[in-house]
There are 2 protein chains.
Amino acid sequence: MMSPKIESFVMHCGEMGSRWGFNRTIGQMCGLLVISKQPLTANEISDMLNISRGNVSMGIKELQSWRLIQVQHKPGDRKEYYTPAGSIWEMAIRVFEERRKREVDPTLSLLRDNMLEEPADESEAYAQDKMREIHDLLDSLTHFASELPQMGPERLHSLMKLGAGVGKVLDMKDKFLKQSNK
Amino acid sequence: MMSPKIESFVMHCGEMGSRWGFNRTIGQMCGLLVISKQPLTANEISDMLNISRGNVSMGIKELQSWRLIQVQHKPGDRKEYYTPAGSIWEMAIRVFEERRKREVDPTLSLLRDNMLEEPADESEAYAQDKMREIHDLLDSLTHFASELPQMGPERLHSLMKLGAGVGKVLDMKDKFLKQSNK
DNA sequence: CTAAAGTTTCAATAGTTTCTGAAAGTTTAT
DNA sequence: ATAAACTTTCAGAAACTATTGAAACTTTAG
């Protein structure tokens, strides 16, 4: 049915899925759709992965809520065909975005609420300090992440290859700006 | 026992813990240790969070395997006191590193193995293409992440504030290098 | 309107993970 | 060597999550 290479990949996606906030079968479904050249129907997915039709239906709903898959229709065919919604890069961005909405945003708002109140004693003052530290880190990270989509994979690639060299480029930029201001 | 502000933070850490690869109580333990000025004993943790002593012991082991907490001893006291292992920044880096080891490295090696073999047909060729795309993205990300620790939080902060502006800085650098080569 | 082709829902079941608490283990002081 | 103070382990119970499959629903064609 599935070639062994493809199967090993799909099963691995299942394992990873369960660590990344979906469950095993949803991970498998996502992996399968990504490496399939042709769009697949719900029944095909159910057969290829040996999972019940109902489970596939719930999985599709979930993957749609993550904006990772799309429906397609073929003329003269009532079935719904599913494909990944965009490139790997776009899908990765969407997972980050969704997780930010679901996990980071509520955390930031809890931290902010907590920081507004006056600390009642020394231990609360310390706690607030730490919360501010966490808040600032999360805030920086989300700002950065929110710019990624506009950056595209090529620029990301050069940024990533640069690695810690980024520090040097930043210094260079600062120097340059200082000179201009003189 | 715990002030309401601190409690709400700790409970929230529990929720987040369960989405980030630990479980709820381990998340709570970690949150509690991070915002406590004083080191805590296992019994104190057990009392403050209302969880069994055995559970705390397992949680400590797990947090140590993530390199997130440290033991301390007080002179003339046999108990073990626990504190976070480093700053928030260092703890975040450790979580990324551990997850890379546990999740990304095995994925990369599976993808590489799969890509070495000759595709048997068109659909395998397509699958291999997609696998290469995933491989290259993960590979870039891990390279970048591996440089973060040497960068420190201040530089990260300026990089993050820069956001998509990074693109422009990269272009600037490229131009600069071209001119030097002429 | 009805049948056929398809999709979704949801109660029940299966499977997995987490937590407890009692027993076993370890370390230190005397 | 013993007892006291503390920690770890692990089998079983409790809690939670995922999966099935049959019934209900929707859509289209004739």
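In what follows, chains are A, B, ... by sequence order, proteins preceding strands, each numbered from 1.
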> Hey, is the side chain of A:K61 poking within less than 4.0 Å of OP1 or OP2 on C:dT9, counting only N and O atoms?
Replying inline: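 So the side chain of A:K61 is within the cut-off, an N or O lying under 4.0 Å from OP1 or OP2 of C:dT9.
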
> Does any donor atom in the side chain of A:N43 or A:T41 lie under 3.5 Å from an acceptor atom in the other side chain?
Replying inline: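 Looking only at side-chain atoms, A:T41 and A:N43 do not form any donor-acceptor pair under 3.5 Å.
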
> Mapping A:G54 and A:N23 onto DNA chain D by nearest heavy atom, which one lands closer to the 5' end?
Replying inline: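 It is A:N23, whose closest nucleotide lies nearer the 5' terminus.
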
> Out of D:dT19, C:dT18, D:dA5, which nucleotide sits closest to the side chain of A:R24?
Replying inline: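 Nearest listed nucleotide: D:dT19.
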
> Thinking salt bridges, do B:R102 and B:E98 make one under a 4.0 Å N-O criterion?
Replying inline: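 Yes, B:R102 and B:E98 are salt-bridged.
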
> Nearest-Å distance, CD (A:E44) to P (C:dT7)?
Replying inline: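 Atom-to-atom, A:E44 to C:dT7, this comes out as 11 Å.
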
>> With a sphere of 6.0 Å drawn around CD of B:E154, does it hold more than 12 non-hydrogen atoms of other residues, nucleotides or ligands?
In response: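 Atom CD in B:E154 is crowded, with more than 12 foreign heavy atoms closer than 6.0 Å.
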
> So which nucleotide from C:dT20, D:dT8, C:dA5 ends up closest to the side chain of B:Y82?
Replying inline: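 Given the options C:dT20, D:dT8, C:dA5, the side chain of B:Y82 is closest to D:dT8.
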
> Among C:dG21, D:dT28, C:dT27, which nucleotide sits nearest the side chain of B:R78?
Replying inline: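 Side chain of B:R78 sits closest to C:dT27.
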
>> I want to verify a distance call: between C:dT7, C:dC19, C:dT20, whose nearest atom is closest to the B:T25 side chain?
In response: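 Out of C:dT7, C:dC19, C:dT20, the nucleotide with an atom closest to B:T25's side chain is C:dC19.
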
>> Expressed as a whole number of angstroms, how long is the span from B:N43:CG to C:dG21:C1'?
In response: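 In whole Å, C:dG21 C1' and B:N43 CG are 14 Å from each other.
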
> Atom CG of A:N50 and atom P of D:dG21: how far apart are they, to the nearest Å?
Replying inline: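 It works out to 11 Å between those atoms.
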
> Rounded to whole angstrom units, what separation is found between the CG atom of A:D47 and the P atom of D:dG21?
Replying inline: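 My rounded result for the distance is 13 Å.
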
> So what does B:I60 hit on the nucleic acid, given a heavy-atom distance under 4.0 Å: a base, only sugar-phosphate, or nothing?
Replying inline: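 The residue B:I60 makes no contact with any strand.
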
> In whole angstrom, what separates B:I45's CD1 from D:dT8's P?
Replying inline: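 It works out to 11 Å between those atoms.
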
>> Please report the distance, rounded to the nearest Å, between CD in A:Q64 and P in C:dT8.
In response: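 These atoms are roughly 8 Å apart.
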
>> Can you identify which nucleotide, out of D:dA18, C:dT9, D:dT8, has its nearest atom closest to the B:E80 side chain?
In response: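 That would be D:dT8.
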
>> Return whichever of A:A42 or B:V56 has its heavy-atom-nearest nucleotide of DNA chain C closer to the 5' end.
In response: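 Upstream on the strand: A:A42.
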
> Picking from D:dT20, D:dT7, D:dC10, which would you name as closest to the side chain of A:N55?
Replying inline: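 That would be D:dT20.
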
> With respect to the side chain of B:R53, which nucleotide from C:dT7, D:dT8, C:dT28 is positioned closest?
Replying inline: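 Closest nucleotide to the B:R53 side chain: D:dT8.
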
> Does a sphere of radius 6.0 Å around CZ in A:R67 hold more than 12 heavy atoms from other residues, nucleotides or ligands, not counting ones at 6.0 Å or beyond?
Replying inline: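 Counting other residues, nucleotides and ligands, CZ of A:R67 exceeds 12 neighbours.
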
> Tell me: CD1 of A:I26 to C1' of D:dT20, nearest whole Å?
Replying inline: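 Taking atom C1' of D:dT20 as the reference, CD1 of A:I26 is at 15 Å.
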
> Taking NZ, NE, NH1 and NH2 as the nitrogens, is one of them in A:E97 or A:R94 under 4.0 Å from a carboxylate oxygen of the other?
Replying inline: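 No.
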
>> Rounded to whole Å, how long is the line connecting atom CD of B:E15 with atom P of C:dT18?
In response: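 Rounded to the whole Å, the gap is 13 Å.
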
> Of the nucleotides D:dT20, D:dA5, C:dT8, which has the atom closest to the A:S57 side chain?
Replying inline: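 In terms of side-chain proximity for A:S57, the closest of D:dT20, D:dA5, C:dT8 is C:dT8.
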
